[in-house]
> 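Can you read through this structure? Questions will come right after.
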Amino acid sequence: MRERRDAGDELRAQIWLSADTSRRLRAMAARAGLQPEQVLAQLADHARMNEEGTVVVAPFTPHRVERS
C-alpha cells in the first residue's frame, strides 16, 4: 500500500541540457560510476530553498545506492 502512495508522489521529467552542461554532467557521473540521471536525482534530493526563495545545494558527493 505504501509503494502505491509513494508512486503517486514520484515525478518523471524529461530535460534538455546544453552541450556543455551535458558534458560536465556525464563526466561527473562517470567519475562517480553512475548514470547521469542518477546524479540528477541525487542533486534533487539535496536541493533546498533558503529564506530568500533561492534554491541551494550544499556540496555533496554522488554515490551508488545499493538496492536490496
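For clarity, every value in this text was computed on a predicted model and none was experimentally measured. Starting from 1, each residue takes its place in the sequence as its number. The basis for the numbers below is simple: all heavy atoms, side chains too, and nothing from hydrogens, waters or symmetry mates.
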> I'd like to know if the side chain of R64 reaches the main chain of L34, judged simply by a donor and an acceptor atom lying under 3.5 Å from each other, with no hydrogens or angles considered.
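Side chain of R64 to backbone of L34, a donor-acceptor pair under 3.5 Å: no, none is there.
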> Say you draw a straight line from CZ of R24 to CG of L17; how long is it, rounded to the nearest 0.5 Å?
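Between R24 CZ and L17 CG, I get 9.5 Å after rounding to 0.5 Å.
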> Share the residues that join M49 in a hydrophobic cluster, the rule being Ile, Leu, Val, Met, Phe, Trp or Tyr side chains under 4.5 Å apart at the heavy-atom level.
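Noted: M49 shares its cluster with V55.
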> Where the side chain of Q42 meets the backbone of H63, is there a donor-acceptor pair that is under 3.5 Å apart?
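Side chain of Q42 to backbone of H63, a donor-acceptor pair under 3.5 Å: yes, one is there.
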> Applying ring-ring contact (aromatic ring centres under 6.0 Å, His included) as the test, list every pair that has at least one member in residues 9-50; sequence neighbours left out.
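Output for this query lists H46-F60.
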> Transitively linked via ILVMFWY side-chain contacts under 4.5 Å: L43 with I15?
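Yes, L43 and I15 fall within the same hydrophobic cluster.
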> Once you round to the nearest 0.5 Å, how far does CE of M28 lie from CG of L40?
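These two atoms lie 8.0 Å from each other.
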